[in-house]
Amino acid sequence: MVEQIDLTMVNWARAQFALTAMYHWIFVPLTLGLSFLIAFFESIYVKTENEEWKKIAKFWMILFGINFAIGVATGIILEFEFGTNWSNYSWMVGDIFGAPLAVEGIAAFFLEATFFAVMFFGWERVSKKFHLFSTWMVAIGSNLSALWILVANGWMQFPTGMAFNPDTARFEMQDFWAVLFSPVAISKFTHTTSSGFLLASLFVITISSWYLLKGRHIQMAKKSILVAAVFGLLASAYVGFTGDEAAYNDAHKQPMKLAAFEGLYDGEKGAGLMAAGIINNSKKVNDDQDAFHLEIRIPGLLSLLANRKLGSFVPGIKDLVYGNEKENIMGASEKIKKGKAALEQLALYKKAKKSGDNAGAEATLTVFNQNKDYLGFGYLNAPEEAVPPVPLVYYAFHIMVALGGLFPIIFLLYLFFTLKGTIIHQKWLLALGVISVFLGFVASQCGWIVAEVGRQPWAIQDLLPVTVARSNLTAGTVQTTFFMFLAIFTLLLIAEIRIMLKQIQIGPEGK
Amino acid sequence: MFGNLDTTTLQQLWWIIDSLVGSLFLFLIFVQGGQTLLWQLGKTDVEKSLIINSLGRKWEITFTTLVLFGGALFAAFPKFYATSFGGAYWVWILILFTFIIQAVSYEFRKKPNNFLGEKVYELFLFINGSVGILLIGAAVGTFFTGSNFVLNEYNLVTWTNPLRGLEAAFSLFNLSLGLFLVFNARVLGAMYLLNNIDFTGHEDFEARTRRSILVNFLWSLPFLLYFVISLVVMDGFGFDPKTGIVAMVSGKYLGNLLSMPLVLILLLAGLVLVIWGVVTTGFRGKNNGIWFGGLGTVLVGLAVFFTAGFNNTAFYPSKAALQSSLTIYNASSSHYTLTAMSYVALIVPVVLAYIAYVWYLMDARKISAVEVTGKQADEMY
């Protein structure tokens, strides 16, 4: 099906996609959360008619606008990169993947784009109520935009509601609702958007804390903190809850990802959850080295999280690569055989069809159907290729979780001292607050590393490896565009940060 | 409802929907056209502010329409999406690049400490409006002139020209379409500004804007004529509906226009409307030309897309391997997906309605110099 695979090209294409996605994800979570925070501020203003709240809403809106523009700029590239860099993917799954993308455009982007203009320029042009309505529409529109692309991503992690059509050599949708309501899609959406709420709350806390430390805009900062701390605290709880759901889904739909982010090579009953550990970077699946230089596990907890049952079996990387008969786990080695059989039968089917041998085609199709669930494995040469880069995924996951545990504590402390009226005197907390948004960014990016690097080598879990999903481009071409995007995104990021810092310095009082 | 339609009908329906989105985009690039007029029409800071703020309330709709055009093509004709974007790599990457730099420019241009300076952001807007639109036109031109790709039996694409799509810009036909779009966008841009700005106290500015409609229309004419004349005399890519075999057909596109009189009417009516828009703003002192020019552009766009895709025509033909050419029948999604998407498309009228309502509210009062210099000035672009 694919004659030769240029690995350097694939890696550059991945690098380019990762670059775009990571830049995009600097701006988008802020958009997701800030839009709601602004809607809260403006709602309080409309309710209380206190101009102070309007000023607060307008101030955060300025920062929102600066951030929004660059989120849009990186977003359009992501949409088209599916075509430019992953054209085989676009063909093979376009029948399913294209639909949520189009719905996103129709149902969500226009909501955002239309009401954005009212939110920014409509203060004097529409009524107070309609303005508030528009602000809410921007918040809802932004988050709906996230819904559809995350449904698409969820489908890549857990392909469902579709079937392979051997005549067109692509996957075709059979059940739109199964795609939309797939448990992976739902937990992807809830976990990702709530992490955006959390990050935006930290953003408000960071800037407000800086004002309090400098003794500027004290009333505004305190009011902003109060709303952000409540929103952040609720978001944190929800992030934790949906994160647990996501891990549970991983255990059942993508067990290799779970094994990788836990650094679990040998599966066991009553597996322990890694509390802290230094991983052995040179460890390979097929050697006898220790996986960790140092490890502290909480006994039994991983089994509980993965299967909601203490003492249950959690498969390790080795079980998934080589199989484990006792636990009835088919290894990648076995799946590769089946995948290769599927590919072979598909080629024979095509040949028989071409020569008009319908009976022959029918016969090959039967064998193909027995093996089609492992189609993607047919492109792998060794079972070890089914393992993602363990150390990166492991550290990304544990940094994310550790920070995820810290944030609710920060929000709680802020809430406590704000209600007590002494927040301005807690210099140590304000100092921690000032750096907190950067920790939020680290956690947020780590989350995506777990999700995306953790599913390597797959573009579509078990069905399509990234090596086959690619476009037919030379490594040099993709390398060139990689550096073009790197240069322009970095330039724009610098501009954005400088503009934002200046606006923060100017503050809500205006120039 | 849609589930009972046969695949062919759904494929045609989706070609109509995608053509409509594409044609609306060709109208909405009045934003891009307006961007290229910034230096020419705006002689003072206030005038420039008026232009930027007037366009700045609309740019996102244009941008979103482009995104939707991409998404809708992906969903309805994934083989086109995969073949064109993955194949004509450079032309699409460059187009996208001009849209990245556009997206930040409105917001960043006037902000203090903006790193690159006001002029650079204005240059970004100019590049988006000129190079970006030119390349889009050239890419659409390949619907008629063909591209250089081969699809294998698994429908995976190999591009056979090392320029990866940029070769499209070296055809006079494609280039003419591109340049026509650039000048037409400028005509529409000037018409929009004329309708959207309160020129009180800036009569020179108004006169310049009015004049530029006429001048840019005259500039667009030779390219339009070259495009239309070439189109009706050139050989085209037809296919046999029974076998699906693609072959060169002489006078194919003229044949399409004649055998689909409705399309011919759309084309002629569209051109007349654009001309009327120019006449009414240029000579009769009216400000409402944008509605005629806009509707006219949509109709011309529809005619172009329908000529490319209907009447057994390959809409994305391959010069390198005729039988790899894409038709709306071999490039589409499955019956199920087209059906599901059709239900989703039912909300499009709702979307259009709220956009129209919001624009009505926002444009009820024209944007004035007082607004961009007064106490609200800090909140403006």
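Sequence lines set the chain letters: A, B, ... in the order given, protein chains first and strands last, and positions in each chain run from 1.
For chain A, the option among B:Ser105, B:Pro78, B:Gly87 with the highest count of heavy-atom pairs below 4.5 Å is B:Pro78. By number of non-hydrogen pairs under 4.5 angstrom with chain A, the leading residue of B:Met362, B:Lys79, B:Glu371, B:Met380 is B:Met362. Among B:Phe99, B:Trp359, B:Trp90, B:Trp159, the residue with the largest count of heavy-atom pairs under 4.5 Å with chain A is B:Trp90. Comparing A:Gly83, A:Gly94, A:Gly71, A:Ala99 by how many heavy-atom pairs each has under 4.5 Å with chain B, the most go to A:Gly83. When the candidates A:Lys502, A:Met173, A:Met61 are compared by the number of heavy-atom contacts under 4.5 Å with chain B, A:Met173 comes out ahead. Comparing B:Arg164, B:His335, B:Lys58, B:Glu153 by heavy-atom pairs within less than 4.5 Å of chain A, the highest count is held by B:Arg164. Considering only heavy-atom pairs separated by less than 4.5 Å from chain B, the leading option among A:Leu101, A:Val118, A:Val126 is A:Val118. Most heavy-atom pairs under 4.5 Å with chain A: of the set B:Trp92, B:Tyr81, B:Tyr89, this distinction falls to B:Tyr89. Between chain B and the residues A:Gly105, A:Ser471, A:Ser87, the most heavy-atom pairs under 4.5 angstrom are made by A:Ser87. In terms of heavy-atom pairs under 4.5 angstrom with chain B, the leader among A:Ile494, A:Leu473, A:Thr480, A:Ile70 is A:Leu473. Counting heavy-atom pairs under 4.5 Å between each of B:Val348, B:Ile101, B:Thr83, B:Thr65 and chain A puts B:Thr65 at the top. Heavy-atom pairs under 4.5 Å with chain B peak, among A:Met500, A:Glu496, A:Glu112, at A:Glu496.
For B:Leu66, the parts sitting under 4.5 Å from any heavy atom of chain A are the backbone and the side chain alike. Residue contact with chain B, scored on non-hydrogen atoms closer than 4.5 Å, is absent for A:Ser134. Interface remark: A:Leu491 contributes backbone and side-chain atoms alike to the contact with chain B (heavy atom separation under 4.5 Å). Using a 4.5 Å cut-off between heavy atoms, B:Leu96 touches chain A through backbone and side chain atoms alike. Only the side chain of B:Tyr357 has a heavy atom closer than 4.5 Å to any heavy atom of chain A. No part of B:Phe149 comes within reach of chain A, as not one of its non-hydrogen atoms sits under 4.5 angstrom from that chain. Using a 4.5 Å cut-off between heavy atoms, A:Trp123 touches chain B through its side chain atoms alone. Of the atoms belonging to B:Val104, heavy atoms from both backbone and side chain fall under 4.5 Å from chain A. Heavy atoms closer than 4.5 Å to chain B are found in both the backbone and the side chain of A:Leu111. Looking at B:Ile61, the atoms closer than 4.5 Å to chain A (heavy atoms on both sides) sit in the backbone and in the side chain alike. With a 4.5 angstrom heavy-atom cutoff, A:Ala13 does not touch chain B via any of its atoms. When heavy atoms are compared at a cutoff of 4.5 Å, A:Asp167 does not approach chain B at all.
Between A:Phe121 and B:Tyr381, the gap from one ring centroid to the other is short of 6.0 Å.
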Full working for side chain to side chain contact (heavy atoms under 4.5 Å, CB included) between A:Gln503 and B:Asn113: CA-CA 9 Å; A:Gln503 291 296 330; B:Asn113 212 16; over 6 Å; no

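What you find for A:Phe116 and B:Glu60 is that their closest heavy atoms are CD2-OE2, 2.7 Å. Across every non-hydrogen atom of B:Val157 and A:Asn472, the tightest pair is O-CB, 3.5 Å. Of all non-hydrogen atoms in B:Tyr121 and A:Ala495, the two that sit nearest each other are OH-CB, 3.4 Å.
If you run ring pair (Phe, Tyr, Trp, His ring centres under 6.0 Å) between B:Tyr354 and each of A:Phe115, A:Phe110, A:Phe133, only A:Phe115 comes through.
Under a 3.5 Å cut-off, the side chain of A:Asp95 and the backbone N or O of B:Ser334 do form a donor-acceptor pair. In this structure a side-chain-to-backbone donor-acceptor pair under 3.5 Å is missing from B:Tyr154 to A:Met92. Between the A:Arg125 side chain and the B:Asp363 main chain, no donor and acceptor come within less than 3.5 Å of each other. Checked by atom type and distance alone, the side chain of A:Glu79 pairs as donor or acceptor with a backbone atom of B:Gly71 at under 3.5 Å.
Residue A:Lys351 qualifies as open at atom NZ: its count of foreign heavy atoms under 6.0 Å is 12 or below.
Residues A:Phe176 and B:Thr337 are not in side-chain contact: their nearest non-hydrogen atoms beyond the backbone lie 4.5 Å or more apart. Between A:Ile499 and B:Phe115 the shortest side-chain heavy-atom distance does not fall below 4.5 Å. Side-chain atoms of A:Ile106 and B:Leu68, non-hydrogen and from C-beta on, do get closer than 4.5 Å to each other. A 4.5 Å side-chain heavy-atom check between B:Ile100 and A:Leu492 finds at least one atom pair inside the cut-off. Considering only heavy atoms from C-beta on, A:Arg498 stays 4.5 Å or farther from B:Asn114 through its side chain.
The line from CD1 of A:Ile96 to OH of B:Tyr336 is 11.0 Å long, rounded to the nearest 0.5 Å. The CG atom of B:Leu361 lies 8.0 Å from the OG atom of A:Ser127; values are rounded to the nearest 0.5 Å. Note: B:Thr64 OG1 to A:Phe109 CZ = 7.5 Å, rounded to the nearest 0.5 Å.
Legend: residues meeting side chain to side chain donor-acceptor pair (under 3.5 Å) with A:Glu172, ordered by chain and number and at least two apart, are A:Asn165, A:Thr168, A:Arg170. Applying the side chain to side chain donor-acceptor pair (under 3.5 Å) test to A:Gln16 and every residue at least two apart in sequence or in another chain returns A:Glu81, A:Thr481.
Aromatic ring pairs are classed by plane angle as parallel below 30°, tilted from 30° to 60° and perpendicular above 60°; the pair B:Phe85 and A:Phe80 is tilted.
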